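Note sheet for the following structure.
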Number of protein chains: 2
Amino acid sequence: MPYTYDYPRPGLTVDCVVFGLDEQIDLKVLLIQRQIPPFQHQWALPGGFVQMDESLEDAARRELREETGVQGIFLEQLYTFGDLGRDPRDRIISVAYYALINLIEYPLQASTDAEDAAWYSIENLPSLAFDHAQILKQAIRRLQGKVRYEPIGFELLPQKFTLTQIQQLYETVLGHPLDKRNFRKKLLKMDLLIPLDEQQTGVAHRAARLYQFDQSKYELLKQQGFNFEV
Amino acid sequence: MPYTYDYPRPGLTVDCVVFGLDEQIDLKVLLIQRQIPPFQHQWALPGGFVQMDESLEDAARRELREETGVQGIFLEQLYTFGDLGRDPRDRIISVAYYALINLIEYPLQASTDAEDAAWYSIENLPSLAFDHAQILKQAIRRLQGKVRYEPIGFELLPQKFTLTQIQQLYETVLGHPLDKRNFRKKLLKMDLLIPLDEQQTGVAHRAARLYQFDQSKYELLKQQGFNFEV
DNA sequence: ACAAAAGTGTTGAGTCTACACCCATGA
DNA sequence: TCATGGGTGTAGACTCAACACTTTTGT
């Protein structure tokens, strides 16, 4: 530790990787379009400078709200990016956070703060400002890892959903198809889903039963972890 | 993103949680004794301010070398701590790194940089400066998680070791005893260890066979992950 | 000869994978 | 009646946990 605190200081920002699922169980990420240089008009992760009187997570939450209107979500720290040259003008460190939300329940407030916000499918991304492509890639890897030892879905899916929907979510995240019978057996065996006396409506085939998460079981498994090799 | 970079900036430091195993397979952590306020004479994690022309990991590596003499090890980013008030004088963010080493091979250079460095058993820690107790706790949790889906031991154990030693390592990290026969079956089945035509010497009982890691297999499993529920 | 740790095998229960057909519904 | 996805069962392979005794060696 030094004897003084009077060193030149890098700038400190936070960036948010917010994943959302749409009705087609397509995995999307929330981006904003920059209105100012550098990288003017390019798409970027929502984020900005940390103020002196707020924690890192508070800063992430504030920037997300200001730039996209999204608020009230659970953020988890992803990684801190601090290589030289990641911002063309100055030495800037960025602490990245990520979150999972059901995008239907979080309408975007476009053009807040003179920015444009939109959901992009992770299959079809625009070119991103700074090193945000790298940050996003790392967030996707983290999500793929997470899915194997912690339940996901509660944050992403609508409150009532079908088994096929949750299977599609896992297939999307993992990037490969799963066996329907085995997936259901394994999922139901962990006693995490509550079957409802309700069914899908408006489909042109046999209606699927709806389920919801057992919230307390969900939290428990999230803490303890499990093993979901699929 | 803001229109200017001229905000007041928090200070940025790195801290290193270096775990080491001694000959008794006792898990230890590398601490330094602070010679200056705040927290003068208290023990703390090695670390210090990030300079403008070095990456975060380079800074961690430099501070570790300057303060303890330890160098040439693999560091992994742990978490970034940025709550208000974690440093009594100023707003300071710390990016924590952690590492696993075999402490016999990394002799300490005490009193480098006017600091004292020492290994402390994680069972018997002194009171730590700043929020370093919290950082250390998180590092231990991370290690416990890691052990379940990635091989460890290569960095911690001597090059040649017995099955009992690696079992003791797992027992130490996980904090509970393991069944000897099952542990060996599972470990040997993953084809990660190479049995040597050598044995322990100098013990007052039947000498155990020595093993070493198959390095390429080790790296492979580290990337792919595995499942080691024990 | 004894103390101390090394080393080893089996059984029964549970879990995993792979695989194909009938069912209910709306158009 | 047909197209579409919903829903289900089983056999064989494998893996897991639990458990105790014999072997080797140095003192």
Side-chain angles (χ1 to χ4, degrees), chain A residues 23-26 147-149 151 153 157-158 160-172 174 176-212 221 224-230, chain B residues 23-26 147-149 151 153 157-158 160-172 174 176-212 221 224-230:
Chain A
E23 281 134 312
Q24 284 69 248
I25 318 291
D26 183 28
V147 105
R148 286 173 36 186
Y149 56 88
L157 291 167
K160 300 171 181 182
F161 52 86
T162 67
L163 295 178
T164 299
Q165 283 177 317
I166 193 169
Q167 181 174 345
Q168 283 170 345
L169 165 59
Y170 272 82
E171 288 175 341
T172 299
L174 292 171
H176 61 86
L178 302 170
D179 180 90
K180 184 165 59 156
R181 285 164 288 193
N182 294 338
F183 181 84
R184 288 174 179 222
K185 260 179 291 179
K186 184 148 191 178
L187 193 60
L188 291 174
K189 179 153 48 67
M190 54 178 94
D191 207 22
L192 177 62
L193 299 185
I194 301 171
L196 302 174
D197 286 329
E198 264 182 275
Q199 296 192 326
Q200 246 181 344
T201 53
V203 287
H205 53 78
R206 175 172 176 182
R209 160 166 248 152
L210 293 172
Y211 289 79
Q212 65 182 29
L221 284 175
Q224 297 182 342
F226 59 57
N227 198 254
F228 203 84
E229 299 283 357
V230 274
Chain B
E23 280 134 311
Q24 284 69 248
I25 318 291
D26 183 27
V147 104
R148 287 173 35 187
Y149 55 88
L157 291 167
K160 299 171 182 180
F161 52 87
T162 67
L163 294 180
T164 299
Q165 283 177 317
I166 192 168
Q167 180 174 347
Q168 283 170 343
L169 165 58
Y170 272 81
E171 288 175 342
T172 299
L174 293 171
H176 59 86
L178 302 171
D179 181 272
K180 184 166 59 157
R181 283 163 290 189
N182 294 339
F183 180 84
R184 287 173 180 222
K185 260 179 288 180
K186 184 148 191 178
L187 192 61
L188 291 173
K189 178 154 51 63
M190 55 177 91
D191 208 22
L192 176 63
L193 300 185
I194 301 170
L196 302 174
D197 286 331
E198 264 182 277
Q199 296 191 328
Q200 247 180 343
T201 53
V203 286
H205 52 78
R206 174 171 177 182
R209 162 166 246 153
L210 293 173
Y211 289 79
Q212 65 183 28
L221 284 176
Q224 297 182 343
F226 59 58
N227 198 255
F228 203 84
E229 300 283 356
V230 275

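Here the structure is a predicted model, which is why all the values come from computation and not from measurement. A note on names: the letters A, B, ... follow the listed sequences, proteins ahead of strands, and every chain is numbered from 1.
Judged by distance alone, with hydrogens and angles left aside, A:Lys180 brings no side-chain donor or acceptor close enough to the base of C:dT17 to form a pair under 3.5 Å.
Between the CG atom of A:Asp179 and the P atom of C:dC16 there is a distance of 13 Å, rounded to whole Å. If you measure from atom CZ of B:Arg209 to atom P of D:dT23, you get 18 Å, rounded to the nearest angstrom. If you measure from atom CD of A:Gln165 to atom C1' of D:dG6, you get 13 Å, rounded to the nearest angstrom. Separating the CZ atom of B:Arg181 from the C1' atom of D:dT23 is a distance of 15 Å, rounded to the nearest angstrom. For the pair A:Phe183 CZ and C:dT15 C1', the interatomic distance rounds to 17 Å; values are reported in whole Å. In this structure, B:Leu187 atom CG and D:dT15 atom C1' are separated by 16 Å, rounded to whole Å. Separating the CG atom of A:Asn227 from the P atom of C:dT15 is a distance of 13 Å, rounded to the nearest angstrom. Following rounding to the nearest Å, A:Phe228 (CZ) and C:dT15 (P) show an atom-to-atom distance of 14 Å.
Judged purely by atom type and a 3.5 angstrom limit, B:Gln200 uses its side chain to pair as donor or acceptor with the backbone of B:Ala208.
Side-chain contact between B:Leu178 and B:His176 is present, with at least one heavy-atom pair separated by less than 4.5 Å. Side chains of B:Ile166 and B:Tyr170 form a contact here, defined as non-hydrogen atoms less than 4.5 Å apart.
Here C:dA5 is the nucleotide among C:dA18, D:dG7, C:dA5 with the atom lying nearest to any side-chain atom of B:His205. Among D:dT23, C:dT8, D:dG6, the nucleotide with an atom closest to any side-chain atom of B:Arg206 is D:dT23. Between C:dT10, D:dC19, D:dG9, one nucleotide has an atom nearer to the side chain of A:Lys185 than all others, and that is D:dG9. Checking D:dG7, D:dA18, D:dG9 against every side-chain atom of A:Asn182, the shortest atom distance belongs to D:dG9.
The structure places CD of A:Gln199 at 11.5 Å from OG1 of A:Thr162, a figure rounded to the nearest 0.5 Å.
DNA chain D is contacted by both A:Leu210 and A:Ala204; A:Ala204 maps to the nucleotide lying nearer its 5′ end (nearest heavy atom per residue).
Note on A:Arg184: a side-chain N or O is less than 4.0 Å away from OP1 or OP2 of D:dG7. Note on B:Thr164: a side-chain N or O is less than 4.0 Å away from OP1 or OP2 of C:dA6.
Within 4.0 Å of A:Lys186, counting heavy atoms only, lie sugar-phosphate atoms of the nucleic acid but no base atom. At the heavy-atom level, A:Lys189 lies under 4.0 Å from the strands shown only through sugar-phosphate atoms.
Remark: of the listed residues A:Leu193, A:Leu169, A:Leu196, A:Leu193 is the sole one forming a side-chain contact (heavy atoms from CB on, under 4.5 Å) with A:Phe161.
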